[in-house]
Amino acid sequence: MGHSAAVWDYRAATEITKDWNGVDKIVLRSPRGASARVSLHGGQVTSWRNEQGEELLFTSSKAIFKPPKAVRGGIPICFPQFGNCGSLEQHGFARNKIWTIDENPPPLSPNDSHAKSFIDLLLKPSEEDLKCWPHSFEFRLRVSLAADGSLALISRIRNVNGKPFSFSFAYHTYLSVSDISEVRIEGLETLDYLDNLCQKERFTEQGDAITFESEVGKFCCYMIFIE
Ligand SMILES: O=P(O)(O)OC[C@H]1O[C@@H](O)[C@H](O)[C@@H](O)[C@@H]1O
């Protein structure tokens, strides 16, 4: 009768264990067998499996899993800087840090009608972070897995002391694909991008979907204004 989602215990479907470096990792499960694994190292989603148990994210065979090295794979969080567009280390420091779990997270929004298992992770700056990036922030990352296996990440960056600052941010998602020649990315037409393979020269994406016949390195430019 398909009642499994109604009786599914979402708290019990969230399991916290340790990886082999002693860092906590969280596994979220859906009633039909999808799962997501999130590490406190970098607040990084390191695995996302569908109901058939197939891994949807790529992790490099050369990835180093020892903090503070960033793990090349899954969904690294780039913050407070994307790439090398600033004075910080490449992609900022968030992906190198050990995040914490918020044991009393705010509830899911009432508009969110689908039951989900979720975890809220927090990152606050250390003394050392404040020396190289002197801004008081709290980064809340909510990772949720819906009953149908879909994964959502919501990031909220709070300015703690009201002094303005700017930052850049990205989910540097590594998707696993079986045949790159079959991949098309649609919906970026007309957006400007910086071409990493052409000294970050600025171009405008034209007409068709992006396909991959050789190496591609495009940073699409979005600007979000928050009042
Ligand atoms: O090697 P990192 O620091 O994990 O960054 C991953 C990649 O990030 C991309 O944004 C860069 O264009 C690549 O050159 C880089 O390899």
Which pair of non-hydrogen atoms, one from [X] and one from [Y], has the smallest distance, and what is that distance?
| X | Y | result |
| --- | --- | --- |
| R184 | A209 | NH2-CB, 3.6 Å |
| G74 | L57 | CA-CD1, 4.0 Å |
| A147 | E51 | O-OE2, 4.1 Å |
| A13 | S117 | CB-CB, 4.5 Å |
| G217 | D195 | O-OD1, 3.4 Å |
| C78 | H172 | SG-CB, 3.8 Å |

Quick check: does any side chain N or O of [X] sit under 3.5 Å from a backbone N or O of [Y], one acting as donor and the other as acceptor?
| X | Y | result |
| --- | --- | --- |
| E186 | L188 | no |
| E138 | N159 | no |
| N21 | V23 | no |
| W133 | F93 | no |
| H41 | K69 | yes |
| S39 | K25 | no |
| N96 | P68 | yes |

Rounded distance (nearest 0.5 Å) linking atom [atom1] of [X] with atom [atom2] of [Y]:
| X | Y | atom1 | atom2 | answer |
| --- | --- | --- | --- | --- |
| S35 | L151 | OG | CG | 10.0 Å |
| L194 | C85 | CG | SG | 7.0 Å |
| T59 | Q44 | OG1 | CD | 8.0 Å |
| I185 | D208 | CD1 | CG | 13.5 Å |
| L28 | S144 | CG | OG | 8.0 Å |
| T100 | L123 | OG1 | CG | 8.0 Å |

With a 4.5 Å limit on heavy-atom distance, are the side chains of [X] and [Y] in contact?
| X | Y | answer |
| --- | --- | --- |
| E205 | C220 | no |
| R156 | F139 | no |
| K97 | D129 | yes |
| W99 | L141 | yes |
| I75 | W48 | no |
| P76 | V71 | no |
| S176 | E55 | no |
| F167 | I157 | yes |

Within a 6.0 Å radius of atom [atom1] on [X], are there more than 12 heavy atoms belonging to other residues, nucleotides or ligands?
| X | atom1 | result |
| --- | --- | --- |
| E128 | CD | no |
| K218 | NZ | yes |
| Q199 | CD | no |
| K200 | NZ | yes |
| D179 | CG | yes |
| N161 | CG | yes |

Option among D120, I26, I154, V45 that satisfies the side-chain contact (heavy atoms from CB on, under 4.5 Å) test with V143: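 Only one option passes, and that is V45.
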Residue pair K163, H135: steps toward the side chain to side chain contact (heavy atoms under 4.5 Å, CB included) verdict: CA-CA 8 Å; K163 291 188 188 154; H135 305 296; over 6 Å; no
From CA spacing to verdict: side chain to side chain contact (heavy atoms under 4.5 Å, CB included), R95, Q90: CA-CA 10 Å; R95 64 181 182 154; Q90 158 118 317; 3.8 Å; yes
Short N-O contact, E15 and R29, less than 4.0 angstrom: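 Yes, charged N to carboxylate O under 4.0 Å.
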Do the side chains of [X] and [Y] join up, straight or via other hydrophobic residues, at under 4.5 Å, putting them in one cluster?
| X | Y | value |
| --- | --- | --- |
| V160 | F165 | no |
| L175 | L145 | yes |
| Y171 | L40 | yes |
| I16 | L122 | no |
| L191 | V216 | yes |

F219 and Y193 aromatic centres sub-6.0 Å: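 No.
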F137 ring center within less than 6.0 Å of F79 ring center: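 Yes.
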Residue pair T46 / R37, side-chain donor-acceptor N/O under 3.5 Å: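 Note: T46 and R37 side chains meet the donor-acceptor criterion.
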S60 versus Y174, side-chain donor and acceptor atoms under 3.5 Å: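 Short answer, no.
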Worked check of side chain to side chain contact (heavy atoms under 4.5 Å, CB included) between F169 and S155: CA-CA 10 Å; F169 159 82; S155 286; 3.5 Å; yes
